[in-house]
Amino acid sequence: MVSDELQLCSDLELGWSCKISGGRKCNSPMFAQEEVEKEWDKEEQLERSSWLVVGVEQTLPKVEDALRSMVSPKELSWSSTDWKAVNEEPFLSTRYTVQNLSSGDKIHIRVKAISASGASVPATLDQPVVIREILQLPKIRLPRHLRQTYFRHVGDAMNMMIPFQGKPQPEVIWTKGGQPLDTSRINIRNTDKDTIFYIRQSQRSDSGKYELTVRINGAEDKATLDIQVIEPPGPPQNLKLVDVWGFNVALEWSPPADNGNSEIKGYVVQKSDKKSGQWFTVLEHCTRTSCTISDLIIGNTYSFRVFAENGCGLSETAAVASGVAHIQKTTQEPAFCLNLEFIIFLETTYQAEKIPQRDMMEPPKFTQPLTDRTTTRGYSTHLFCSVRGFPQPKIIWMKNQMEIREDPKYIAMIDQGVCSLEIRKPSPFDGGVYTCKAVNPLGEASVDCKLDVKVVPSQDSDLVPSLQVDAAAAVQ
């Protein structure tokens with residue numbers, strides 16, 4: 001049996017309502033959900049306590065017999081009726097929740113009011129209440145890491161728990177490619193809240209798209225899981241030496257026949273000289289099937305091998321080139337004169353072209369001048385201009401041909417040739433002609449602008465003329 005709660009309440013979402021007025025009248029419910037709650041008028045509970053009694057019965061007893069028989073909240077029984085007091089102590093609330101009920105049961109409910117004078121006549125529901133679970137639509141809560149392709153290595157265990165919701169307990173169905181799962185390899189365990197997908201040792205054949213369906217009475221929710229079981233790839237094929245010249249070697253190969261059920265990310269190229277016999281990596285994550293290896297040592301003989309790499313790692317074995325590369329010393333070819341008496345060796349030397357150095361020295365020059373501005377009293381404003389020159393020129397700000405020195409009212413800055421002057425909360429006194437002067441060893445330049453600071457008249461000053469006009473009119 002499924003343990004549930006029964007609540008008598010006036011909530012329309014539960015499908016029925018019940019209210020007892022005066023301790024006697026009662027409306028009968030048609031259905032009951034997971035919780036049932038009972039409510040009656042608060043006027044009847046003044047200076048009283050209430051007993052809530054639940055019975056499972058075929059026929060109801062007479063009210064007089066129930067009053068004579070009920071002496072304690074213990075289990076009561078009359079012929080085919082079995083009444084039980086669900087609250088051990090009287091309570092003063094007009095709502096009560098009956099717990100630990102089983103789905104599918106039919107129960108009768110009655111309520112008594114108890115005061116110092118005794119117990120009242122019980123108010124009984126006319127029809128029994130059928131306990132049913134609240135219907136909750138199925139919903140799969142797929143974990144975030146399963147919403148994208150789920151990678152596992154061959155031989156690893158695969159254990160995924162996927163929670164869901166729904167009432168009554170939903171039916172859980174797993175399929176792969178529209179076919180039922182192979183229960184000999186895949187273990188599925190379902191509960192009322194989640195389903196567990198378990199494979200002891202993963203194989204590449206376990207890769208694919210799995211579909212999970214949670215169904216309740218025709219309503220269902222589906223989720224798709226993309227599982228990819230991977231392993232290291234095979235070695236590259238047809239590795240060969242294409243060419244050897246100077247200190248360089250060119251190699252070519254073909255992709256591996258088996259990619260390990262994962263995309264090939266690149267290749268690792270290694271070399272080994274005949275003297276030491278040790279392998280050294282010369283290229284990593286090479287995405288092409290050819291490469292050129294340079295800076296080899298003269299006189300050494302080299303062997304080469306290539307590994308393939310995928311999401312699982314490097315291939316277990318490497319492709320080894322069949323031939324070896326011998327780096328020989330370069331020889332100078334003789335040039336014979338016409339009389340064959342002298343042998344002259346020609347040697348070519350590379351001389352880099354001399355690039356003349358550009359003279360970067362430049363006197364100051366303003367590329368963007370200052371512009372006239374109009375501002376309001378009390379609102380900070382900025383003046384901007386841009387200048388170039390090398391060496392970097394020194395910037396001097398002036399107001400009415402007087403240099404602005406360390407004054408907290410002004411903040412001067414220069415960044416990448418852009419000069420700015422901030423005038424904080426200007427007043428009419430701060431209006432005038434502002435000059436930005438740039439000076440370096442090659443010369444100087446300057447730009448000017450005019451700043452006008454306006455004063456907004458206050459409301460008090462606007463009222464004075466009108467009052468004066470009214471006073472003059474009254475005199476006349």
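From a predicted model like this one, the values you see are computed outputs, not experimental measurements. Below, all heavy atoms of this structure are taken into account, side chains as well, without hydrogens, waters or symmetry copies. Residue numbers run from 1 in the order of the sequence given.
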Cationic N near anionic O, under 4.0 Å, Arg141 to Asp221: no

Which label fits Phe91 and Tyr96: parallel for a plane angle under 30°, tilted from 30 to 60°, or perpendicular past 60°? parallel

Show the numbers, then the answer: is there a ring-ring contact (aromatic ring centres under 6.0 Å, His included) between Trp174 and Phe197? CA-CA 9 Å; Trp174 282 91; Phe197 180 98; 5.2 Å; yes

So, for Asp156 and Ser202, which heavy atoms are closest and what is the spacing to 0.1 Å? O-OG, 2.7 Å

Heavy-atom neighbours of Arg185 CZ exceed 12 at 6.0 Å: yes

Got a sec: does the CD of Gln392 have more than 12 other heavy atoms crowding it under 6.0 Å? no

Out of Asn261, Thr149, Asp226, which residue meets the side-chain hydrogen bond (donor to acceptor under 3.5 Å, both in side chains) rule with Ser207? Asn261

Above 12 or not: heavy atoms from other molecules or residues under 6.0 Å from CZ of Arg147? yes

Does Lys167 pair with Asp192 as a salt bridge, N-O distance under 4.0 Å? no

Enclosure of Tyr379 OH (heavy-atom neighbours >12, cutoff 6.0 Å): no

Is it true that the NZ or CZ of Lys209 lies under 6.0 Å from the centre of Tyr150's six-membered ring and within 45 degrees of the ring axis? no

Looking at Arg405 and Glu403, is any side-chain nitrogen of the basic one under 4.0 Å from a carboxylate oxygen of the acidic one? yes

Name the orientation class of the two ring planes belonging to Trp253 and Tyr267 (parallel below 30°, tilted from 30 to 60°, perpendicular beyond 60°). perpendicular

Before you tell me yes or no, could you show the steps for Val453 and Ser427 under side chain to side chain contact (heavy atoms under 4.5 Å, CB included), namely the whole-Å CA-CA distance, both residues' side-chain angles and the distance that decides it to 0.1 Å? CA-CA 6 Å; Val453 181; Ser427 62; 5.7 Å; no

Other residues, nucleotides, ligands: >12 heavy atoms within 6.0 Å of Glu316 CD: no

Are Arg204 and Glu231 ion-paired here, with the side-chain N under 4.0 Å from a carboxylate O? yes

Of all heavy-atom pairs linking Ile140 and Phe164, the shortest is CA-CB, 4.0 Å

Mind listing the closest non-hydrogen atom pair of Ser380 and Lys425 along with its distance? OG-N, 3.2 Å

Side chain to side chain contact (heavy atoms under 4.5 Å, CB included), that's the test. Do Asn190 and Ile188 meet it? Break it down for me. CA-CA 7 Å; Asn190 300 323; Ile188 302 294; 3.5 Å; yes

How close do Val268 and Glu309 get, heavy atom to heavy atom, and via which atoms? CG2-OE1, 4.3 Å

Do the side chains of Arg373 and Asp452 get close enough for a salt bridge, i.e. N-O under 4.0 angstrom? no

Testing the basics here: between Pro233 and Ala308, what is the closest heavy-atom pair and its distance to 0.1 Å? CG-O, 3.7 Å

More than 12 heavy atoms of other groups within 6.0 Å of Phe429 CZ: no

With a cut-off of 6.0 Å (strictly less than), are more than 12 heavy atoms of other residues, nucleotides or ligands near NZ of Lys409? yes

Taking CG in Asp182 as the centre, count heavy atoms belonging to other residues, nucleotides or ligands within less than 6.0 Å. Is the count above 12? yes

Considering non-hydrogen atoms only, spot the tightest contact between Met161 and Pro143 and give its length. O-CG, 3.8 Å

